Each structure stands twice: as C-alpha cells, then as structure tokens.
Colleague: 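The structure's right below; bear with me while I get my questions together.
Starting from 1, each residue takes its place in the sequence as its number. Bear in mind the structure is a predicted one, so any value in this text is a computation, not a measurement.
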Amino acid sequence: MKRNYVFVLLLLLLVSSAIMARRAVSPDGRLTVELKNGHYVVSFQRQRVLEFSAADGEAIKGKPHRITADYTMLAGKRRHCLNEGNEYRCGSLVLRVYNDGIAFRTESLPSQKDEQTAYRIPDGTRRWMMPWTEAYEGFYPLTTSSKDGRWSYPALLEPTDGVFALITEANIEYGQSASCLYNEGELFRVVSESNTLQHSPWRVVIIGTLADVVQSTLVTDVSEPCKLEDTDWIQPGVVSWIYWAYNHGSNDYQIICRYVDMAVSLHLPYVLIDAEWDEMKDGKTIEDAVAYAKQKGIRPLIWYNSSVGWVHGAPGPKFRLNKPEDREREFAWCEQLGVAGVKIDFFSGDNQMNTEYCIDLLECAARHHLLVNFHGATVPRGWQRTYPNLLTTEGVYGAEWYNNVPTFTDRAARHNATLPFTRNVIGPMDYTPCTFSDSQHPHITTNAHELALTVLYESGLQHLADRPESYLSQPVEVRRFLSNLPCVWDETRLVSGYPGESAVIARRNGTTWYVAGINGTDSLQTLQTPLDFIPAGETLLFADGTPWAITHPQALPKTITCKPRGGFVLVVNQSSPSRP
C-alpha cells in the first residue's frame with residue numbers, strides 16, 4: 001500500500017512538472033503563456049488577455065533563462081531602467097515573459113520568408129487602433145471591431161475590464177523593415193516588406209493595468225544597448241520652433257532672430273531653423289542665422305528634407321543626405337558651423353530602405369555630435385536606446401495639423417487624452433505642444449490643457465511652436481515654468497485616467513515633481529489626483545481660469561476640476577525655489 005502511495009505521488013509530480021514545463025511564467029508570476037491547440041495564450045493574473053500564433057507553434061520546454069535589463073537612458077520615462085524576464089525556447093521561437101509584458105521573435109528565419117505571426121482580437125474587444133499611414137499621423141478612435149485593412153503600431157486593447165495589452169515591436173536592425181498589422185476579421189497578421197537577417201525584430205506586447213502600460217520601458221528593454229562611446233554631448237532640452245505660427249519655413253532671417261530672442265527670454269537652450277533656410281531672403285544665409293543664435297547663447301538645430309518621400313513640390317534643402325559621401329560632408333559642415341542637431345523630414349514609410357537610411361543617418365549624425373529629430377517618420381521602436389542622439393520622433397497626429405485641416409479642432413482634446421496610453425508609451429513624441437494662440441485653424445482647448453501637454457508628453461526635444469509674443473505675454477509664473485521645464489525624467493507614474501476621457505501623469509526630475517492632467521471630454525470633469533507618493537514641498541498649481549487660475553495650494557489636492565477640454569499642471573518642489 002505504501003509502495004502504491006509513493007508511486008502515485010511520483011506520478012503526480014511528473015505530471016505536474018510536465019504541465020509546468022509547457023507554461024512560461026513572468027518573474028512575479030502575474031503573466032503566463034501556454035500553448036493551446038497550436039496557439040499561444042497569454043494570461044494576466046489568470047485572466048485570458050491575448051492569443052497569438054508564431055513560428056512553428058512548438059511547446060514551451062525546459063527551464064527558463066533569466067534576462068535582466070539594467071541601463072541608463074539620457075531621456076525618456078526614467079533615467080534608470082530595470083526589468084527582468086524569463087526567456088524560453090520554443091523551437092525557432094524565442095519567448096520572453098517580463099513582469100509587464102511579453103516579447104518574442106523568430107530565429108533561423110529563411111531570408112525573405114514571412115514569420116507567420118498573428119494576433120487574434122475577438123470582436124467586442126475594446127480597442128484604440130490607428131489605420132496605417134506612412135507618417136503615422138492619425139487618430140486612435142475607440143471601437144469594438146475592426147474592418148479588414150492595414151493598421152499601425154501601437155494598438156491598445158482592453159480584453160477584459162481594467163486589463164490592457166499594447167501591441168508594438170522593437171529593435172529594428174540593419175537588414176530589416178518595420179512591420180504593420182493586416183487583418184481579416186479577428187485575425188491580425190504581422191506583415192513586413194522584407195527581412196534579410198536570420199531573425200525577426202522583437203514583437204512586443206505590454207500587458208497589465210493602465211499604469212503598467214504607461215510606465216513600461218519594455219520597448220527599450222529589448223532593444224540593443226547604446227552603441228555610442230561618448231554621450232556627454234547629448235543634452236535634451238526645450239526648443240523654440242518657427243514653422244507653426246506662420247505655416248511656412250525659415251527663409252526670413254528677421255523671423256529667425258525673433259525666435260532666437262524668444263529662446264533667450266525664456267532661457268531655452270535651442271532654436272529650430274526649419275525648412276527653406278537654403279533660400280534665405282534679403283541677402284542673408286544660414287551661416288548668418290546660426291551665428292546670430294550662437295552669439296545669443298542659443299544652440300541651433302536645422303531642418304533637412306530626407307528626399308525619399310515628398311520631394312517634388314516640397315521645400316528644401318534636398319538631396320544633401322542620401323549618398324554616404326554627401327551625408328558625411330553635410331554633417332561635418334554642420335558640426336564645424338556649430339549646429340547642435342538636425343530635423344530630417346518626409347520619409348516614405350518604414351520599409352527596409354527607410355529603416356536602413358534612418359540608421360545610417362543616426363550613425364553619421366553621432367560621429368559629428370548632432371542630435372536628431374525624425375519628422376514625417378515612423379514611430380519609435382527602441383532606437384532611442386541604441387542611438388541616444390535620437391531625442392524625438394514625430395509619428396503622431398500633433399498640433400502641426402491645426403495648420404492643415406479643420407477637423408483637428410473638435411477632436412484634439414479626446415485625441416490628446418488618448419496619446420499617453422498609445423503612441424507616447426513606446427517612445428518620445430514630437431507633438432509640438434503648448435500653443436496658446438491660433439494658427440490656420442482655431443483650437444478650443446484651454447490654456448491649462450495646452451500647458452499640461454508639455455509634461456504629459458515625453459520628448460527629449462520639446463518644441464514650443466507658438467508665436468514669441470504669445471508666450472512672452474503670459475503671466476510670469478507661466479514663463480518661469482517654461483524656462484524650468486525639464487525634458488529628462490527620473491520617474492514617471494500614471495496617476496489616473498482612461499483613454500480618450502482624461503489622463504493624469506506625474507513625472508519627477510530630481511527633487512521636483514510635475515503633475516499634469518487633461519480633460520478629453522466636452523463636459524466639466526473632476527480628475528482624480530491621489531498623490532500620496534509625493535513628499536510635501538513648495539507647490540504651484542496652474543488650473544483653468546479666465547484664462548488662468550494660478551495658486552499655491554497648502555496641501556496636495558485629492559481632485560482637480562477641469563473645464564471642458566481643460567487641464568492643469570501641479571509643480572511640487574522639495575528643494576530651492578525656481579530661479580526668477
């Protein structure tokens with residue numbers, strides 16, 4: 001009898017071990033992945049979140065290998081990034097299960113062959129997805145089903161109440177193209193133009209609560225470490241930008257000087273000289289403009305047309321970066337002239353030609369100590385870790401569109417309250433926030449809403465696009481806020497919110513916390529602000545008023561009421577007061 005008992009116990013242990021061997025688990029045990037009927041099923045706290053197919057669909061076998069990501073970023077959600085995951089081998093599939101999501105890629109991939117990756121998103125699942133566009137400039141409307149078509153990254157899902165999954169990809173290398181999603185009904189296939197490497201990029205799904213998603217650094221965690229030996233010259237900062245207010249480039253020397261002077265008045269480190277500087281009027285040249293900025297202590301950035309997308313009828317300068325020898329000569333000239341960085345615009349999508357071109361641009365710019373802003377370009381996929389001179393990327397339907405179409409006016413507030421949970425999760429976002437006046441089409445968000453965007457949106461180069469007189473006519477507290485605005489964060493926390501309705505995010509720089517919130521609706525809304533994690537300090541609140549309500553609360557507020565399409569910024573400083 002005793003012998004039978006021991007035999008049954010051993011059998012149970014072997015069965016249990018076999019079951020566990022087919023189950024991938026995150027280090028904290030919250031996330032699991034199992035192979036069921038040829039598909040991988042991902043669960044969060046025992047709730048089914050997502051189903052995907054990849055590679056050969058082989059079972060999860062063997063013990064996991066612990067993966068640790070521990071690195072420092074020069075810009076982003078936090079300086080010190082730390083994450084752990086368990087890596088499993090499933091035939092040709094490498095699967096990593098982190099505490100905040102999964103990442104997988106296919107290895108031993110035959111050249112030019114599809115990797116057979118697909119996600120199943122059942123009808124009825126709440127989703128925020130953008131139809132694919134070359135420049136990733138569109139809305140993320142809330143729906144519960146999707147027509148057959150092509151979709152951009154990232155895609156945010158709420159498979160069950162309070163549990164979210166954000167689908168994207170990371171670590172595009174030389175020899176690879178980016179991918180997108182094509183769906184037929186509930187099946188969303190990962191499709192890329194080509195892949196000449198023997199492995200695919202990392203397919204990434206960030207999973208958990210909304211806070212888990214917003215605060216995740218998984219995109220950079222799985223990307224290649226920094227390839228630059230010297231990074232001391234890379235300095236994030238706020239930029240005065242010329243294009244928005246005039247819907248025109250920078251061929252007017254006098255206007256350039258006004259934006260340089262604005263940067264001086266607001267203590268901003270940079271000015272961006274935009275398109276058409278190669279056609280300067282009144283006998284002036286780009287050398288004159290750069291010299292004026294440097295004389296005033298402002299570091300100039302200058303614009304280039306990538307000359308692979310919009311070329312005919314587009315502004316210049318053109319065809320200066322396409323050939324390696326031309327690019328090397330141009331960036332050497334920039335460095336010698338004293339230019340701090342380049343904004344490169346009008347790419348033609350994210351096929352292999354474009355991704356390799358972007359890598360070439362980043363590497364050449366780094367050799368000449370040039371910061372980079374990719375505009376009219378694809379969304380970030382981890383390059384900001386590998387090439388930290390890439391401080392921002394557009395890939396967003398941003399404030400520039402007030403110049404182009406009237407539809408942005410009525411939809412901007414809801415869109416603005418969706419971006420912190422979608423596009424900005426995966427990397428820096430050059431939205432060009434904080435415009436108090438109007439461009440070609442009016443905005444109906446409040447001043448406090450606009451100011452909040454400078455903190456709500458993470459970008460290593462934060463471009464202020466409004467007219468100099470608009471900023472310089474604001475109350476002294478607003479001007480001082482812009483002067484002290486960081487573009488580097490030690491910590492980021494989601495405080496409250498829901499996509500399209502509201503967003504409240506707290507970011508810390510040193511001993512100062514910046515808490516920003518916006519109302520994405522057309523109705524009065526009280527935003528929840530549980531801030532017990534912030535130590536007491538000197539407080540300054542910018543709230544909705546006529547046009548401002550600027551106060552010094554004695555205690556941190558538990559809630560803040562915002563006007564329709566309104567917002568707020570709360571600054572809590574534990575150290576010395578800001579400079580006057």
Colleague: Testing the basics here: between S307 and F319, what is the closest heavy-atom pair and its distance to 0.1 Å?
Modeller: OG-N, 2.7 Å
Colleague: Kindly say whether V190 contributes a backbone atom to a donor-acceptor pair with the side chain of S179 at under 3.5 angstrom?
Modeller: no
Colleague: Would I359 and W383 count as a side-chain contact (heavy atoms from CB on, under 4.5 Å) if you check the C-alpha gap in whole Å, the side-chain angles of each, and the deciding distance to 0.1 Å?
Modeller: CA-CA 9 Å; I359 293 172; W383 283 339; 3.8 Å; yes
Colleague: Hey, is the main chain of D232 close enough, under 3.5 Å, to the side chain of D230 for a donor-acceptor pair?
Modeller: yes
Colleague: Does the N509 side chain pair with the main chain of V488, one donor and one acceptor, at a distance under 3.5 Å?
Modeller: yes
Colleague: State, yes or no, whether a side-chain contact exists between W202 and R96 at a heavy-atom distance under 4.5 Å.
Modeller: yes
Colleague: Between M262 and L268, is a side-chain contact (heavy atoms from CB on, under 4.5 Å) present by the stated rule, with each step listed?
Modeller: CA-CA 8 Å; M262 166 188 147; L268 311 182; 4.3 Å; yes
Colleague: Centre-to-centre under 6.0 Å for F164 and F421, is that the case here?
Modeller: no
Colleague: Just how far is it from atom CG of D212 to atom CD1 of I206, taken to the nearest 0.5 Å?
Modeller: 10.0 Å
Colleague: Is any side-chain heavy atom of Q235 closer than 4.5 Å to a side-chain heavy atom of P269?
Modeller: no
Colleague: Taking atom types as modelled, is there a side-chain donor on E458 or T492 under 3.5 Å from an acceptor on the other?
Modeller: no
Colleague: If the plane angle is over 60° it's perpendicular, under 30° parallel, otherwise tilted; pick one for F408 and F139.
Modeller: parallel
Colleague: Keeping to residues at least two apart or across chains, list the side-chain hydrogen bond (donor to acceptor under 3.5 Å, both in side chains) pairs with something in residues 67-81.
Modeller: D70-H80, Y71-T220, Y71-D221, R79-D490
Colleague: Is there a donor-acceptor contact under 3.5 Å from the side chain of R467 to the main chain of D438?
Modeller: yes
Colleague: Compute whether any side-chain donor of one residue and acceptor of the other, for Q336 and H368, lie under 3.5 angstrom apart.
Modeller: no
Colleague: Is it true that Y174 and D360 share a donor-acceptor pair across their side chains at a distance under 3.5 Å?
Modeller: yes
Colleague: Mind listing the closest non-hydrogen atom pair of G316 and W303 along with its distance?
Modeller: O-CZ3, 3.2 Å
Colleague: Please determine if R367 and E335 form a salt bridge, counting it only when a charged side-chain N lies under 4.0 Å from a carboxylate O.
Modeller: no
Colleague: Does R423 form a side-chain contact (heavy atoms from CB on, under 4.5 Å) with V379? I'd like the steps, not just the answer.
Modeller: CA-CA 8 Å; R423 164 62 181 85; V379 295; 3.7 Å; yes
Colleague: So R203 and Y119, do their side chains get closer than 4.5 Å, heavy atoms only?
Modeller: yes
Colleague: Hey, is the main chain of A69 close enough, under 3.5 Å, to the side chain of N83 for a donor-acceptor pair?
Modeller: no
Colleague: Any side-chain donor-acceptor pair under 3.5 Å between Y357 and N351?
Modeller: no
Colleague: So, for N183 and G149, which heavy atoms are closest and what is the spacing to 0.1 Å?
Modeller: OD1-N, 2.7 Å
Colleague: Does the side chain of T378 come under 3.5 Å of the side chain of Y153 through a donor N or O and an acceptor N or O?
Modeller: no
Colleague: Considering all heavy atoms of both residues, which atom of G249 and which atom of Y243 are nearest to each other, and what is their separation?
Modeller: N-CD1, 4.4 Å
Colleague: When rounded to the nearest 0.5 angstrom, what is the spacing between CD1 in I298 and OG in S240?
Modeller: 7.0 Å
Colleague: In Å, rounded to the nearest 0.5 Å, how long is the span from CZ of R381 to OG1 of T168?
Modeller: 6.0 Å
Colleague: Do the side chains of Y98 and V222 get nearer than 4.5 Å, heavy atoms only?
Modeller: yes
Colleague: How about S223 and R385: does a side-chain donor come under 3.5 Å of a side-chain acceptor?
Modeller: no
Colleague: For a 4.5 angstrom cut-off between non-hydrogen side-chain atoms, does W241 reach L461?
Modeller: no
Colleague: If I compare all heavy atoms of W132 with all of D350, which pair ends up nearest, and what's the gap?
Modeller: CZ2-OD1, 4.3 Å
Colleague: Among F347, W277, W333, F346, find the one that has a ring pair (Phe, Tyr, Trp, His ring centres under 6.0 Å) with Y304.
Modeller: W277
Colleague: Any side-chain heavy atom of Y457 sitting closer than 4.5 Å to one from V396?
Modeller: no
Colleague: Which atom names give the shortest non-hydrogen contact between D261 and Y292, and what distance separates them?
Modeller: OD1-OH, 2.7 Å
